[in-house]
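Contents: one structure, followed by commentary.
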Amino acid sequence: MTDYTQLEKVRLQKLEELRAEGVEPFPTRAKRTHLSAEAIAEFESAEKENKEVKATLAGRIRAMRTMGKISFAHIEDGAGKAQLFFRANEVGKERLDLFNKMFDLGDFIQAEGVMFRTKSGEVTLHVHDFHLLAKSVSPLPAAKDETLEDGTVVRHAALEHPELRARQRYADLAVNPDVRETFRKRAGIIKSLREFLDGKGFLEVETPILQPLYGGAAARPFVTHHNELEQDMYLRISFELYLKRLLVGNLEKVYEIGRDFRNEGVSFKHNPEFTQLEFYWAYADYLQVMELTEQMVSFTAQQVLGTMKIKYKENEIDLTPPWKRLEMREGIKQTSGIDIAEYTSAEELHKAIRAKHPNKTPDPKATRGKLIDFLLSEFLEPTLIQPTFLYNYPRDISPLAKSIPNDALTVERFEGYVAGFELCNAFTELNDPLDQESRFLEMGRDYAEGDDEKHPLDEDYLRAMRYGMPPNGGFGMGVDRLAMLLLDKHSIREVLLFPALRKEE
RNA sequence: GGGCGCGUAGCUCAAUGGCAGAGCAGCGGCCUUUUAAGCCGUUUGUUGAGGGUUCGAUCCCCUCCGCGCUCACCA
């Protein structure tokens with residue numbers, strides 16, 4: 001049984017009284033002729049010709065000011081806010097009392113009348129009749145907006161508690177218009193990505209989320225169980241192995257936008273489920289993928305924000321192509337003073353780091369690849385504010401990427417960095433089934449020691465590859481990260497409608 | 001998982017080892033052009049949960065829960 005607060009009990013009481021007076025608090029149908037902004041715009045042009053504008057508006061009551069025989073209210077709908085003006089002369093004293101006493105902030109209302117301009121100049125609906133559309137039983141967090149003389153809006157007593165905002169996103173959205181705007185823009189970002197890739201001839205596909213084996217990334221999966229098949233299933237950690245199977249099937253350009261699941265830590269840039277974009281492009285290599293990437297991201301910024309110059313935290317960032325290209329080895333050398341090419345074993349590289357940076361302490365068990373990654377994130381990554389492609393990566397941290405001709409230790413891989421964080425990851429894909437098999441086996445050995453990240457060998461993937469896979473370039477990008485970047489949000493939770501939270505109680 | 005911090009009314013936030021407060025919201029009034037409307041009056045709390053110290057704990061201590069920041073993890 002729900003425990004109602006006193007405020008809720010008051011509203012439930014009103015609800016009963018309304019019913020007793022024959023007013024249905026949750027009527028089945030509503031009517032609306034104009035959005036608030038439409039009615040206001042229509043009035044503003046009709047005003048000059050002294051023409052009347054009739055309108056029926058519908059929305060949620062956000063402010064009420066009752067003053068005896070008149071009342072004002074603001075409602076909010078999908079297009080913004082509009083003021084309602086009630087006067088006993090038109091609606092009658094009883095109906096005005098009903099409004100004043102029985103309607104609350106948060107209720108949905110339908111009001112019809114004629115648009116006019118108040119003494120203070122606000123275009124307002126002069127209400128002739130009104131109906132309750134839905135009663136709000138629980139009071140929404142009572143934000144109040146104050147409009148200063150210069151037009152800036154200051155919100156008082158807004159819902160700010162991060163947990164509550166995430167847990168009760170419905171309330172957050174209801175009272176914080178900027179949050180609604182964030183998610184509209186997020187939808188725009190995803191739409192633009194699709195528009196871009198569709199325009200380049202890519203086919204959007206859907207591959208299994210529930211998989212008998214997981215792969216394509218080094219992450220711990222979520223495990224579940226299929227009762228009838230009597231087998232464990234995994235939620236995918238990447239799309240890669242399935243999308244590349246499609247290249248074997250002669251689909252030459254494919255992409256998927258969907259959810260990945262990784263059973264890892266939660267942080268300001270990690271959520272257990274997140275939206276990923278991956279594409280695979282037959283006959284292309286990582287250099288062509290680079291060009292497509294900078295076009296795609298800048299296109300999205302242009303579509304959604306109307307500019308390629310964005311702000312992230314204190315940085316002005318220009319996404320206009322071409323982006324800077326920096327060889328990873330060179331970047332690490334410049335920022336850490338260590339040339340990784342001079343140290344071909346983990347042991348030597350450890351020694352070099354200790355000598356050059358005694359106060360930095362990488363994991364003593366780290367492989368050479370992990371050490372390079374350490375140098376990258378420690379020294380180079382924070383400097384990559386303007387969009388930069390970091391390219392050519394050590395082979396042993398890239399088991400699905402193809403080696404550079406004549407350089408067995410380095411693979412054709414790049415990562416795109418913006419604002420100091422990794423945005424995307426791409427490579428010339430490995431398509432040699434024999435090489436792929438030995439890499440998988442190698443990886444199996446590596447992970448055997450660090451038990452909880454054991455990596456299953458995907459025999460079916462190898463079987464597919466043995467039929468022949470065209471050379472291709474592949475790409476992956478965290479869409480949530482892109483949304484954070486473009487919308488200047490500093491936590492992934494701000495761009496996820498319902499981020500993962502511990503269950504209540 | 002580790003470290004640090006936070007949790008007080010519906011919302012935003014104050015305060016104190018000695019009756020827990022403000023503004024807004026709510027409730028009762030007044031008010032026919034307001035817009036954080038105003039004025040008069042008024043209600044609201046398991047101070048996140050449990051335990052301990054104390055004459056007395058919201059405050060000090062312990063445990064737990066949740067959140068935030070951070071580190072680790074995340075090719």
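Predicted, not measured: the structure shown is a model, and the values here were computed from it. Lettering of chains follows the sequences in order, A, B, ..., and the numbering in each one begins at 1.
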Next on the checklist: Taking B/C31 as the reference, what is the distance to B/A36 when you measure between their P atoms (whole Å, please)?
Outcome noted: 23 Å

Item to check | Identified pairing partner of B/C6, criterion: Watson-Crick or G-U wobble below 3.5 Å | outcome: B/G66

Checklist entry - Could you give the CG-to-P distance, from A/Asn100 to B/G38, as a whole number of Å? => result 16 Å

Next on the checklist: I need the minimum non-hydrogen distance between A/Leu497 and A/Arg169, along with the two atoms involved.
Outcome noted: O-NE, 2.8 Å

Checklist entry - Base, sugar-phosphate, or nothing for A/Pro399, non-hydrogen atoms under 4.0 angstrom? => result base

Next on the checklist: In this structure, how many angstroms lie between the P atom of B/C11 and the CZ atom of A/Arg165, rounded?
Outcome noted: 15 Å

Checklist entry - What integer number of Å spans the P atoms of B/U58 and B/A72? => result 40 Å

Checklist outcome for this item: Rounded to whole Å, the CD-P distance (A/Glu8 to B/C27) equals 14 Å

Item to check | Flag, side chain of A/Arg439 to backbone of A/Ala401, donor-acceptor distance under 3.5 Å | outcome: yes

Item to check | Between B/C61 and B/U42 - C1' atom distance, rounded Å | outcome: 40 Å

Checklist entry - Any sub-3.5 Å donor-acceptor pair from A/Arg259's side-chain atoms to A/Arg236's backbone N or O? => result no

Checklist outcome for this item: Taken to the nearest whole Å, CG/A/Asp97 to C1'/B/G29 is 13 Å

Checklist entry - Taking a pair as Watson-Crick or G-U wobble with both distances under 3.5 Å, which nucleotide is matched to B/G1? => result B/C71

Next on the checklist: From CG of A/Leu105 over to C1' of B/C27, roughly how many Å is that when rounded to an integer?
Outcome noted: 14 Å

Checklist entry - In terms of side-chain heavy atoms of A/Phe268, which of B/A25, B/A75, B/U70 is nearest? => result B/U70

Checklist entry - Should the ring pair A/Phe99 and A/Phe130 be called parallel, tilted or perpendicular, given that the plane angle runs from 0 to 90° and is split at 30 and 60? => result perpendicular

Checklist entry - Can the positive tip of A/Arg117 be found less than 6.0 Å from the middle of the six-membered ring of A/Phe43, inside 45° of the ring normal? => result no

Checklist entry - Between A/Phe261 and A/Phe222, how do the two ring planes meet: parallel, tilted or perpendicular, split at 30° and 60°? => result perpendicular

Next on the checklist: Starting the side chain at C-beta, find the nucleotide from B/C67, B/A75, B/G26 nearest to A/Leu7.
Outcome noted: B/G26

Checklist entry - Which of parallel (below 30°), tilted (30 to 60°) and perpendicular (above 60°) describes A/His126 and A/His128? => result perpendicular

Checklist entry - P atom, B/C64 versus B/C73: distance in rounded Å? => result 25 Å

Between N or O atoms, less than 3.5 Å apart, protein on one side and nucleotides 32-34 of chain B on the other: list the pairs.
from	atom 1	to	atom 2	distance (Å)
B/U32	OP2	A/Lys69	N	3.3
B/U32	N3	A/Asn89	OD1	3.0
B/U32	O4	A/Asn89	OD1	3.0
B/U33	O2	A/Lys119	N	3.0
B/U34	O2	A/Arg65	NE	2.7
B/U34	O2	A/Arg65	NH2	3.0
B/U34	O2	A/Gln83	OE1	3.2
B/U34	N3	A/Gln83	OE1	2.8
B/U34	N3	A/Gln83	NE2	3.1
B/U34	O4	A/Gln83	NE2	2.7
B/U34	O4	A/Thr118	OG1	2.8

Checklist entry - Tell me: CG of A/Asp107 to C1' of B/G26, nearest whole Å? => result 14 Å

Next on the checklist: Rounded to whole Å, please give me the gap between CD in A/Glu17 and P in B/C27.
Outcome noted: 11 Å

Checklist entry - How do A/Gln6 and A/Ser491 order along RNA chain B: which one's closest nucleotide is nearer the 5' end? => result A/Gln6

Checklist outcome for this item: When both distances are under 3.5 Å in a Watson-Crick or G-U wobble arrangement, the nucleotide paired with B/G56 is none

Checklist entry - How far, in whole Å, is B/G1 from B/A14 if one measures between their P atoms? => result 30 Å

Item to check | Nucleotide nearest A/Val10 (side chain, heavy atoms from C-beta), chosen from B/U70, B/C27, B/A75 | outcome: B/C27

Checklist entry - Taking OP1 and OP2 of B/C27, is either one under 4.0 Å from a side-chain nitrogen or oxygen of A/Lys14? => result yes

Next on the checklist: What contact category does A/Arg413 fall into here, base, sugar-phosphate, or nothing, at under 4.0 angstrom with non-hydrogen atoms?
Outcome noted: sugar-phosphate

Next on the checklist: Counting only Watson-Crick pairs (N1-N3 plus N6-O4 or O6-N4) and G-U wobbles (N1-O2, O6-N3), all under 3.5 Å, who is the partner of B/G23?
Outcome noted: B/C11

Checklist entry - Watson-Crick or G-U wobble partner for B/G38, using a 3.5 Å limit on both distances? => result B/C30

Next on the checklist: For the backbone of A/Ser36 and the side chain of A/Asp77, can you confirm whether one donor and one acceptor N or O come within less than 3.5 Å of each other?
Outcome noted: yes

Next on the checklist: Side chain of A/Ala217 only, heavy atoms from C-beta on: which candidate in B/C27, B/A75, B/C73 is closest?
Outcome noted: B/A75

Checklist entry - When all nucleic acid strands are considered with a 4.0 Å heavy-atom cut-off, which category describes A/Thr66: base, sugar-phosphate, or nothing? => result base

Checklist entry - Taking all atoms of both residues into account, what is the closest heavy-atom pair of A/Phe475 and A/Glu429, and its distance? => result N-OE2, 4.4 Å

Checklist entry - Which part of the nucleic acid does A/Lys93 contact within heavy-atom distance under 4.0 Å: base, sugar-phosphate only, or nothing? => result nothing

Item to check | The single option from A/Arg11, A/Arg60, A/Glu8 passing side chain to side chain donor-acceptor pair (under 3.5 Å) against A/Ser136 | outcome: A/Arg11

Next on the checklist: Both A/Leu400 and A/Ala500 contact RNA chain B. Which one's nearest nucleotide lies toward the 5' end?
Outcome noted: A/Ala500

Next on the checklist: Using atom C1' in both nucleotides, what's the gap between B/C69 and B/G56 to the nearest angstrom?
Outcome noted: 36 Å

Next on the checklist: Between B/C59 and B/G17, how far apart are the two C1' atoms, rounded to whole Å?
Outcome noted: 7 Å

Next on the checklist: In this structure, how many angstroms lie between the P atom of B/A36 and the CZ atom of A/Arg62, rounded?
Outcome noted: 14 Å

Checklist entry - What integer number of Å spans the C1' atoms of B/A15 and B/G7? => result 16 Å

